[in-house]
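Bear in mind the structure is a predicted one, so any value in this text is a computation, not a measurement.
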Amino acid sequence: MKLRDAPSARPALWRSLPCPAAELRLDLVLSSGQTFRWWESSPGAWTGVLGGHVWTLRQDRDRLWYTVYGEEEEDGHPAEATKLDGAETDRILRDYFQLDVGLAALYRAWGAADPLFRKVADDFPGKDPVECLLSFICTSNNHISRITAMIERLCQAFGRRLCCLDARPFHAFPSLSALAGADAEARLRALGFGYRAKFVSGSARAVAEGLGAEGLHRLRAAPYAEARRVLCALPGVGAKVADCVCLMALDKAEAVPVDTHVWRIARERYGAALGGRSLTPRAHQEIGDFFRGLWGPRAGWAQAVSIPLPGTRAQPPLPSPCTPHHLSPRQVLFCADLRKGQEMAGSRERAGGGRGRDSCVGGPP
């Protein structure tokens with residue numbers, strides 16, 4: 001990456017972590033539609049905002065390389081910001097990608113419990129809770145490219161500017177107070193959020209005036225059912241979004257987000273007569289219980305790598321639980337209603353013959 005805007009962006013030295021490709025594939029994880037703030041800044045290099053800092057990541061053989069950029073200077077002096085040492089940056093990445101959880105043993109256990117999972121696996125070779133919650137409220141009846149653009153506008157309008165790389169400004173995710181302001185809903189509507197504006201600002205206000213950001217973080221230590229109940233009480237948060245946040249930001253690997261596609265797969269692939277005629281709260285619970293009974297305490301991860309996106313061919317099980325705290329990217333299917341976006345992408349592909357991103361919903365140089 002060329003740092004054309006230095007000294008606005010001041011990279012630290014590159015560091016690396018041991019990370020076999022079987023455990024993590026940045027190209028799959030960061031382009032998945034589960035996390036909306038990473039972009040491929042140069043071939044094989046991914047730049048984004050994590051923990052209030054701008055990072056660039058790259059893989060080389062069995063190492064994950066990274067650098068963290070300093071914040072913009074103010075009046076010729078570096079901005080005051082928390083400086084991260086190497087041990088802390090290593091910890092953040094291990095937590096974000098859940099690198100301390102080995103996938104090989106999980107695959108073996110899921111394959112032993114479920115022959116269908118084993119066939120899929122044999123055919124092919126973690127996030128801030130506030131950001132996760134408010135981002136996934138934006139996914140309702142939406143598709144990846146639009147969600148990504150909305151969140152970018154959200155951060156530019158309400159978030160603190162961090163630095164500028166290649167003439168591209170990077171902003172921190174907004175604080176609860178910024179999104180809970182009296183004019184926040186109107187500003188979000190002007191930014192194209194539509195009916196979601198009320199839910200984003202309303203949930204930000206509810207959390208700020210209730211649990212607070214720290215209380216939301218503490219739900220990581222709460223039982224899954226309790227965390228889910230608290231989330232479902234927030235404006236614009238239903239069972240699916242609550243399960244997404246539980247799974248990807250609150251360490252609830254047993255959470256199984258359910259949409260109509262997952263419901264259909266449960267019936268067609270497994271012969272499970274669940275949920276009646278519509279996706280009621282009871283249906284969500286029954287389908288989740290079915291997969292938890294089948295795959296065990298990390299059923300949400302197993303579901304993510306065993307059920308392909310609607311209308312696509314099965315993809316490789318995605319190495320490394322991802323984001324936003326730690327889930328595999330195929331989980332995108334369960335966190336946004338992508339049917340409309342996929343149909344649009346399919347129409348574009350048929351018309352233009354191409355396949356767009358949304359159609360499938362030593363140190364580095």
Exercise. Can Asp243 and Val256 be said to form a side chain to side chain contact (heavy atoms under 4.5 Å, CB included), step by step?
Worked result: CA-CA 6 Å; Asp243 275 331; Val256 179; 5.8 Å; no

Seminar exercise, completed: Shortest non-hydrogen pair, Gly300 vs Leu247, comes out as CA-CD1, 3.9 Å

For this session: Identify the two heavy atoms, one from Ala157 and one from Leu191, that lie closest to each other, and give their separation to 0.1 Å.
Result: CB-CD1, 3.7 Å

Exercise. Do the side chains of Leu64 and Trp55 join up, straight or via other hydrophobic residues, at under 4.5 Å, putting them in one cluster?
Worked result: yes

For this session: Could you go through the side chain to side chain donor-acceptor pair (under 3.5 Å) check for Thr47 and Tyr69 one step at a time?
Result: CA-CA 10 Å; Thr47 300; Tyr69 300 91; 5.2 Å; no

Exercise. Do Phe199 and Leu188 come within less than 4.5 Å of each other through their side chains, counting heavy atoms only?
Worked result: no

Exercise. Got a donor-acceptor contact below 3.5 angstrom from the His53 side chain to the Gly51 backbone?
Worked result: yes

Exercise. Considering residues at least two apart in sequence or located in another chain, which fulfil the salt bridge (charged side-chain N to carboxylate O under 4.0 Å, His left out) criterion with Glu226?
Worked result: Arg229

For this session: Look at the aromatic rings of Phe291 and Trp295 and report parallel, tilted or perpendicular, splitting at 30° and 60°.
Result: parallel

For this session: Could you tell me whether a side-chain N or O of Asp128 sits under 3.5 Å from a main-chain N or O of Val130, the two making a donor and an acceptor?
Result: yes

Problem set entry | Minimum side-chain heavy-atom gap Leu219-Leu211 below 4.5 Å | yes

Exercise. Side-chain contact, heavy-atom cut-off 4.5 Å: Arg228 with Gln285?
Worked result: yes

Exercise. How far apart are the closest heavy atoms of Cys246 and Leu231, and which atoms are they?
Worked result: SG-CD1, 3.8 Å

For this session: Any chance you could measure Thr139, atom OG1, to Arg146, atom CZ, to the nearest 0.5 Å?
Result: 11.5 Å

Exercise. What is the minimum heavy-atom distance between Ser203 and Pro235, and which atoms define it?
Worked result: OG-O, 2.6 Å

Exercise. How many angstroms lie between OG in Ser201 and CG in Leu176, if you round to the nearest 0.5 Å?
Worked result: 12.0 Å

Exercise. How far apart are the C-alpha atoms of Ile137 and Phe193, what are their side-chain angles, what is the distance that settles it, and do they pass the side chain to side chain contact (heavy atoms under 4.5 Å, CB included) test?
Worked result: CA-CA 10 Å; Ile137 289 174; Phe193 278 64; over 6 Å; no

Exercise. Can you tell me how far NE2 of His171 sits from SG of Cys163, rounded to the nearest 0.5 angstrom?
Worked result: 10.0 Å

Exercise. Under the 3.5 angstrom rule, does the side chain of Arg189 hit a backbone N or O of Gly194 as a donor-acceptor pair?
Worked result: yes

Exercise. Counting N and O atoms only, with roles assigned by atom type, does the side chain of Thr89 sit under 3.5 Å from a partner on the main chain of Gly86, one being a donor and the other an acceptor?
Worked result: yes

Seminar exercise, completed: The reported gap from CD1 in Ile287 to CZ in Arg292 (rounded to nearest 0.5 angstrom) is 10.5 Å

Exercise. If Ile, Leu, Val, Met, Phe, Trp and Tyr residues are connected whenever their side-chain heavy atoms lie under 4.5 Å apart, and connections chain through other members, are Met248 and Tyr224 in the same group?
Worked result: no

Problem set entry | Value rounded to 0.5 Å, distance of CZ in Phe97 from CG in Leu17 | 10.0 Å

Seminar exercise, completed: On a heavy-atom basis, the closest approach of Ile147 and Cys138 is CG1-O, 4.1 Å

Exercise. Where is the tightest heavy-atom contact between Lys240 and Val258, given as atom of each residue plus distance?
Worked result: CD-O, 3.4 Å

Exercise. Taking the side chain from Arg187 and the backbone from Leu154, do they hold a donor-acceptor pair closer than 3.5 Å?
Worked result: no

For this session: Calculate, to the nearest 0.5 Å, the distance between atoms CZ and CD belonging to Phe136 and Glu131 respectively.
Result: 9.5 Å

Exercise. Between Arg220 and Asp251, is there a donor-acceptor pair closer than 3.5 Å when you use the side chain of the first and the backbone of the second?
Worked result: no

For this session: Using a strict cut-off of less than 4.0 Å between a Lys/Arg side-chain nitrogen and an Asp/Glu carboxylate oxygen, indicate whether Glu214 and Arg218 qualify as a salt bridge.
Result: no

Exercise. Quick one: does Glu88's side chain get under 4.5 Å of Ile92's, heavy atoms only?
Worked result: yes

Exercise. With a cut-off of under 6.0 Å to the ring centre and 45° to the axis, is Arg37 in cation-pi contact with Phe173?
Worked result: no

Seminar exercise, completed: Of Trp14, Tyr66, Trp38, the one forming a side-chain contact (heavy atoms from CB on, under 4.5 Å) with Thr56 is Trp14

Exercise. Donor-acceptor pair, Gln59 side chain versus Arg63 backbone, under 3.5 Å?
Worked result: no

